[in-house]
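Bear in mind that the values here come from a model prediction, so they are computed numbers and not experimental data. Chain letters run A, B, ... following the sequence lines, proteins first and then strands; every chain starts at 1. Hydrogens, waters and symmetry mates are skipped; everything else that's a heavy atom, side chains included, is used.
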Number of protein chains: 2
Amino acid sequence: MEMAAAMTSLTDIESVLKALASERRLQILDWLKDPVAHFPPQEHGDPEAHGACNQFIVEKLGVSQPAGSRHLKVLTDAGLVIPTRRKGWVYYRRNEAALANVAALVASI
Amino acid sequence: MEMAAAMTSLTDIESVLKALASERRLQILDWLKDPVAHFPPQEHGDPEAHGACNQFIVEKLGVSQPAGSRHLKVLTDAGLVIPTRRKGWVYYRRNEAALANVAALVASI
DNA sequence: TAGCCACATAACATGATAGTTATATGGAGA
DNA sequence: TCTCCATATAACTATCATGTTATGTGGCTA
């Protein structure tokens, strides 16, 4: 069993800050604090448990579908959101542990 | 008398994160935690009080003088370092209050 | 005032980011 | 199997970031 990576190098901090340094992506993270309040009801996928689906986020961003999907990929690759694939949709929720870790990292700058 | 700006909008968070999302600039901020340990002695300018001078930082970064100066300008414009002009040199020190504010902002993401 | 030195700015090359439209992929359901 | 729909990928364009070299600016100091 492996320890969680410490993620203390400047390069690591840089990469996660680059993922965060985008108004669109900050907006997504903010919406995902309360998916029920910010997105339409979903018949499939519990918004409390799994977050909002790709499509709703893209629509609310007001950009093209590929552009929105790429923002979600950046957040996912940085570990800041967690995707759940289900019945052809992909739901995204915040990774609160990772976000708390980022806050701690920034506090150490 | 005006209150200090609250700086809570996503746009504001984005701009300061963009200033931080650079390995070079993170490196500068790290060095400036202890200028005496990381830079040669300065005959003019107290490193404890005013930080390290532009020239030393540029040399340690290993980039050209304009490139280094621009990184320092980005940090200065974001309010993350404080420049002190003296006898033809410019010294930079960390703005701890601003950095603490950033940490609090990131914790609220 | 003349020259020097630190720093700032200009101009340019290059790579990364973020947007677009078009198309591929892949699972659900008829 | 065929179709449909959500998402992913490809290809391209525009803008921004970061590096370079060359040059300007401005204050010490002789």
Under the rule for side chain to side chain contact (heavy atoms under 4.5 Å, CB included), what residues qualify as partners of B:Val106, not counting sequence neighbours? A:Val102, A:Ala103, A:Val106, B:Leu17, B:Val102, B:Ile109

Protein-to-nucleotide contact annotation, 5' to 3' order, nucleotides 5-10 of chain C [B base; S sugar-phosphate only; - none; under 4.0 Å, heavy atom]: -SBBB-

Please enumerate all residues that pass side-chain hydrogen bond (donor to acceptor under 3.5 Å, both in side chains) together with A:Thr11, with sequence neighbours excluded. B:Glu23

Listed by chain and number, what are the salt bridge (charged side-chain N to carboxylate O under 4.0 Å, His left out) partners of B:Asp34, not counting sequence neighbours? none

Pairing residues for A:Thr84 by the side-chain hydrogen bond (donor to acceptor under 3.5 Å, both in side chains) criterion, not counting sequence neighbours: A:Arg93

OP1 or OP2 of C:dG19 sitting under 4.0 Å from any side-chain N/O of A:His71? yes

With sequence neighbours left out, write down each residue that passes salt bridge (charged side-chain N to carboxylate O under 4.0 Å, His left out) with A:Arg24, or none if nothing qualifies. none

The salt bridge (charged side-chain N to carboxylate O under 4.0 Å, His left out) partners of A:Lys73 (sequence neighbours excluded) come to A:Asp77

Stretch residues 17-36 of chain B: residues that reach within less than 4.0 Å of DNA chain C through a heavy atom: none

Please, which pairs that meet side-chain hydrogen bond (donor to acceptor under 3.5 Å, both in side chains) have at least one residue in residues 57-69 of chain B, sequence neighbours excluded? B:Asn54-B:Ser69, B:Gln65-B:Ser69

Taking only residues two or more places apart in sequence or in another chain, which ones pass side-chain hydrogen bond (donor to acceptor under 3.5 Å, both in side chains) with A:His71? A:Arg25

Heteroatom pairs (N/O) under 3.5 angstrom, protein to nucleotides 14-16 of chain C:
none

Go through the structure and list residues passing salt bridge (charged side-chain N to carboxylate O under 4.0 Å, His left out) with A:Arg94, not counting sequence neighbours. A:Glu96

